[in-house]
Structure formats: C-alpha cells, structure tokens
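Heads up, the thing below is written out as structure tokens.
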Number of protein chains: 2
Amino acid sequence: MKQKINKEDIIKTAAVLFKKKGFSAVTMRDLASEMGVKAASLYNHISSKQELLKEIIISIAEGFTEGMQVIVKSNSTTVDKLNKIVDLHVSVASNNAYGMASLNNDWMHLEEQLDYYLKLRTDYEDNFRAIIISGIKNNELKEVNPEVILFSILSTLRSLYIWMPKKEDLNQEELSDSLKMILIKGINK
Amino acid sequence: MKQKINKEDIIKTAAVLFKKKGFSAVTMRDLASEMGVKAASLYNHISSKQELLKEIIISIAEGFTEGMQVIVKSNSTTVDKLNKIVDLHVSVASNNAYGMASLNNDWMHLEEQLDYYLKLRTDYEDNFRAIIISGIKNNELKEVNPEVILFSILSTLRSLYIWMPKKEDLNQEELSDSLKMILIKGINK
DNA sequence: TTATTTAACTAACAGCTGTTAGTTTGTTAA
DNA sequence: TTAACAAACTAACAGCTGTTAGTTAAATAA
C-alpha cells in the first residue's frame with residue numbers, strides 16, 4: 001500500500017517543518033520522509049523547494065493585502081480600523097500559524113517573488129501608518145511618534161503565531177479582545 | 001599583505017551574516033570571504049560553526065538574565081520595573097541588533113546549549129510574568145489577561161532589532177520614552 | 001640573525017544538497 | 001481485459017557542506 005500525497009499536503013507539511021527548523025535547514029529528504037515517501041516523488045507534484053516557500057508566503061501576504069484593502073475602504077473610525085486589523089492578524093495567525101513563521105523569518109529566501117513580497121509588505125505598512133497618522137490628526141490617538149506605534153503594534157501582531165499555539169485555552173475572541181484592550185485602548189486618549 | 005583576523009571579528013561578522021540570511025544559509029566560505037580569508041583559516045580561531053552561534057546567542061541571553069535579576073531585586077513599583085525592562089531591551093537591541101536576530105530566529109540550532117538557553121528564556125519570562133501579575137494584584141495595572149500582556153510587550157521588545165537600525169533619526173532615549181508610553185501607560189489604570 | 005610561534009594558505013575528505021532520468025507499480029477509463 | 005495514466009520508486013548527477021591535515025609565510029622573541 002503506497003503512500004498517496006498531493007501538492008496541498010506537501011505545502012502544509014513543508015510549512016510545519018519550515019517553522020520548526022527554518023527553510024534553509026529543511027531538506028527535501030526531511031520533507032519526503034515526514035510524508036512517508038522518497039524525495040524524488042515530491043517532484044511529481046511540485047517543481048522546486050523554492051516553489052513551496054513561495055506558495056506559503058505569498059498566499060498569506062496577499063491575504064493581508066486584501067484584508068487591509070477592505071479595512072481602508074470602510075468608513076470607520078481610526079480605532080475601529082485598528083480593531084479590525086487586530087482581528088485580521090488573529091484570524092491569519094490561527095488559520096496559518098506555520099506559514100506565518102516562514103513569512104516572518106524566511107521571506108529573504110524568496111527569489112523571483114522577493115520584490116513582489118516586499119511591495120506587498122511596504123504597501124501594507126504604508127496603509128497601516130496612514131491610519132495611525134490620521135487617528136492622531138483627528139484626535140482619536142495620543143500624540144506619540146506614529147512610527148513607534150506602528151511597529152510596536154505590528155511586532156505583536158506578527159508574533160502571534162509563536163505563542164498562540166501554546167495557549168490553546170485562550171479562544172480567538174477572548175485573545176482578540178485582550179489584545180485590543182492592550183494595543184489600542186492603550187494609545188487611545 | 002595578508003588579512004589579519006581574530007575571534008571577536010569572526011563572531012561579529014557571523015552575526016551580521018546570520019541576521020541577513022539565517023544561520024543555516026550562511027556557509028563558512030561565505031563568512032571567510034566576507035572577511036577576506038579562506039574558510040580553513042577561520043579554524044585557527046574558532047572550533048566550529050556551532051561555536052559561533054553559541055557565542056552570539058548565549059552572551060545575549062545571559063545579559064538579559066542579569067538585567068532582569070537587578071530589576072527583580074530592586075524595590076520599585078511595577079510600572080517602574082516595566083520601564084526598566086523597556087530600557088534593558090532598547091539597550092541590548094541597540095548594542096547588539098545583529099545578535100538579536102540569531103537569538104530570535106536561530107536558537108533552535110543550538111545543540112549542547114539548547115537546554116541551557118531554554119532555561120534562561122523560561123526563567124526570564126517567569127520573572128516578567130510575576131511582575132505583571134503582582135502589578136495587577138496591587139492595582140497598578142488593568143485587569144487584563146497577564147499572559148497576553150506579557151507576550152504583547154515581549155513581542156515588541158524582542159522585535160526592536162528589526163526596525164531600530166532603519167530609524168536612525170530616532171535616538172535611544174526618545175524611542176525608549178515612546179515605547180514606555182505605548183506599552184506601559186497603556187496598560188496602566 | 002636565528003628560532004619560535006602565529007596564522008595564513010592549498011588540497012582534500014566524506015557526506016549531504018536539490019534535482020533529473022528512467023523504471024516500476026498501482027489505479028482509472030475504454 | 002487491456003490501454004493509458006498517475007505517481008511511486010531507484011540510481012545518479014554535479015556541486016556544495018563543515019572540517020582536517022599538512023605546508024608556507026610573516027611576525028615576534030631570543
């Protein structure tokens with residue numbers, strides 16, 4: 001009875017291993033053996049190790065971009081937009097904790113897609129920054145350096161994947177509410 | 001005129017490369033060529049690639065442990081202890097931005113020192129958590145899930161090394177003050 | 001100067017890397 | 001039943017990996 005694998009499973013398993021050891025430290029033989037198969041068999045489904053990294057990272061990055069566009073277009077207060085950003089990150093981190101590790105730590109090993117990824121990331125940060133600055137201007141937020149606000153919130157949200165899996169007792173909604181309290185009510189006048 | 005290198009320079013250069021590409025993706029030939037030397041020459045000064053990772057990570061981790069012990073022993077208010085923790089992280093991140101990358105992303109490639117590192121990290125987090133919980137009990141801090149407070153602050157502080165180098169216009173004191181405002185006054189009743 | 005030491009060098013190793021070619025086996029469609 | 005296909009397999013590749021041994025050259029101590 002032979003093992004039967006498919007591309008989606010390969011990508012998922014790759015993400016798990018990439019989180020544990022990092023992209024560069026995972027070999028195609030590691031990945032194959034984790035799936036009960038020989039390394040060469042993977043190439044019936046995928047074209048390269050690079051492709052795995054691309055699939056993992058770009059799909060998440062595009063998810064963030066789409067989520068951010070909806071938030072930007074909505075006419076909500078600044079605080080409400082920030083609340084929605086927290087929800088977006090909590091949702092991505094719980095659905096894709098493994099992929100987030102590659103996005104955070106192995107994006108530099110993207111090759112053809114590196115520039116595209118960097119553009120998505122920069123655009124995301126620009127949108128986020130604009131929300132914060134506008135919140136300061138219309139007096140919703142304290143007058144603190146917006147760059148520091150941006151990166152302190154973003155650092156927390158980007159790290160969710162590390163410790164969310166460890167705290168399974170904490171449900172998604174409860175976590176989201178606590179985070180909003182800490183990250184947003186905190187900078188709210 | 002031959003290149004003259006020493007152990008300290010090797011470690012510093014290694015940290016720079018490890019930050020850029022990750023421990024596993026950096027070869028001893030990369031490192032040597034960055035220093036204008038052949039790979040074999042490195043072994044006149046160091047015993048292995050592993051040793052470089054150990055030197056980089058453990059020295060930082062021990063620095064955090066020592067800093068935390070001073071803070072714990074001080075009789076200060078909770079808020080003042082948290083302020084001191086922020087200062088500690090800002091200071092380490094500005095003196096050792098490269099090493100922080102290895103500590104955050106490549107600690108799992110420590111071998112003999114892995115358990116020791118994990119103990120230092122756990123103890124640090126336990127001390128930090130105790131400070132937060134005591135602050136909630138004596139009414140200095142809002143009654144929010146302490147685990148979420150711990151990890152949101154810690155995520156920001158652990159990520160400082162990523163963006164501090166990009167914002168050179170922001171001096172260490174100004175950054176430290178903004179962070180305290182955002183991270184601490186925020187959770188302060 | 002000469003002897004000693006330091007630290008560079010070249011050459012090589014055994015094992016691992018991602019990937020390809022060619023083959024076999026099991027499953028689906030006719 | 002048989003033809004066609006999908007997807008596993010084995011074997012092999014060329015290049016790279018960390019590291020060692022042995023050698024040469026420069027700096028220091030006598």
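Computed from a predicted model, the values in this text were never measured in an experiment. Letters A, B, ... are given to chains in the order of the sequence lines, protein chains preceding strands, and every chain is numbered from 1.
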Once side chain to side chain donor-acceptor pair (under 3.5 Å) is applied, do any residues pair with A:Asn104, and if so which ones, sequence neighbours excluded?
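For A:Asn104 there are no side chain to side chain donor-acceptor pair (under 3.5 Å) partners, ignoring immediate neighbours.
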For A:Glu174, what residues pass the side chain to side chain donor-acceptor pair (under 3.5 Å) criterion, not counting sequence neighbours?
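A:Glu174 satisfies side chain to side chain donor-acceptor pair (under 3.5 Å) with no other residue.
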Does a side-chain N or O of A:Ser41 approach OP1 or OP2 of D:dC9 to a distance below 4.0 Å, or not?
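Answer yes for this pair, as a side-chain N or O of A:Ser41 is under 4.0 Å from OP1 or OP2.
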Length of the [atom1]-[atom2] vector between [X] and [N], whole Å:
X       : N     : atom1 : atom2 : answer
A:Lys4  : D:dC5 : NZ    : P     : 16 Å
B:Ile5  : C:dA7 : CD1   : P     : 9 Å
A:Ile46 : D:dA7 : CD1   : C1'   : 14 Å
A:His45 : D:dA6 : NE2   : C1'   : 8 Å
B:Leu42 : C:dT6 : CG    : P     : 19 Å
A:Glu8  : D:dA7 : CD    : C1'   : 18 Å

Restricting to pairs with a member in residues 23-44 of chain A, which pass salt bridge (Lys or Arg N to Asp or Glu O under 4.0 Å), not counting sequence neighbours?
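Sorted pair list: A:Lys21-A:Asp30.
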Taking salt bridge (Lys or Arg N to Asp or Glu O under 4.0 Å) as the cut-off, I'd like each qualifying pair that reaches into residues 66-80 of chain A, sequence neighbours left out, listed once.
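Found A:Asp80-A:Lys84.
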Output one letter per nucleotide in nucleotides 11-23 of chain C: B when a protein non-hydrogen atom lies under 4.0 Å from the base, S when only the sugar-phosphate is that close, - when neither is.
BB----BBBBB--
Pull out every stem in DNA chain D, meaning runs of 3 or more consecutive Watson-Crick or G-U wobble pairs with both distances under 3.5 Å.
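When the pairs of DNA chain D are grouped into runs of at least three, the stems are C:2-29 with D:2-29.
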Taking distance alone, no hydrogens or angles, what donor-acceptor pairs closer than 3.5 Å link side-chain atoms of residues 149-159 of chain B to residues at least two apart or in another chain?
| from | atom 1 | to | atom 2 | distance (Å) |
| --- | --- | --- | --- | --- |
| B:Ser152 | OG | B:Val148 | O | 2.9 |
| B:Ser152 | OG | B:Ile149 | O | 3.2 |
| B:Ser155 | OG | B:Phe151 | O | 2.5 |
| B:Thr156 | OG1 | A:Ser152 | O | 2.9 |
| B:Thr156 | OG1 | A:Thr156 | OG1 | 3.0 |
| B:Thr156 | OG1 | B:Ser152 | O | 3.3 |
| B:Arg158 | NH1 | B:Glu125 | OE2 | 3.4 |
| B:Arg158 | NH2 | B:Glu125 | OE2 | 2.9 |
| B:Ser159 | OG | B:Ser155 | O | 2.7 |

Which residues share a ring pair (Phe, Tyr, Trp, His ring centres under 6.0 Å) with B:Phe64, sequence neighbours left out:
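Only B:His89, B:Tyr124 meet the ring pair (Phe, Tyr, Trp, His ring centres under 6.0 Å) criterion with B:Phe64.
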Could you tell me which residues satisfy ring pair (Phe, Tyr, Trp, His ring centres under 6.0 Å) with B:Tyr98, sequence neighbours excluded, listed by chain and number?
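Partners of B:Tyr98 by the ring pair (Phe, Tyr, Trp, His ring centres under 6.0 Å) criterion come out as none, since no residue qualifies.
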Hey, does the Lys NZ or Arg CZ of A:Lys49 hover above the aromatic six-ring of A:Phe23, less than 6.0 Å from the centre and inside 45° of the axis?
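Geometry flag: set, cation within 6.0 Å and 45°.
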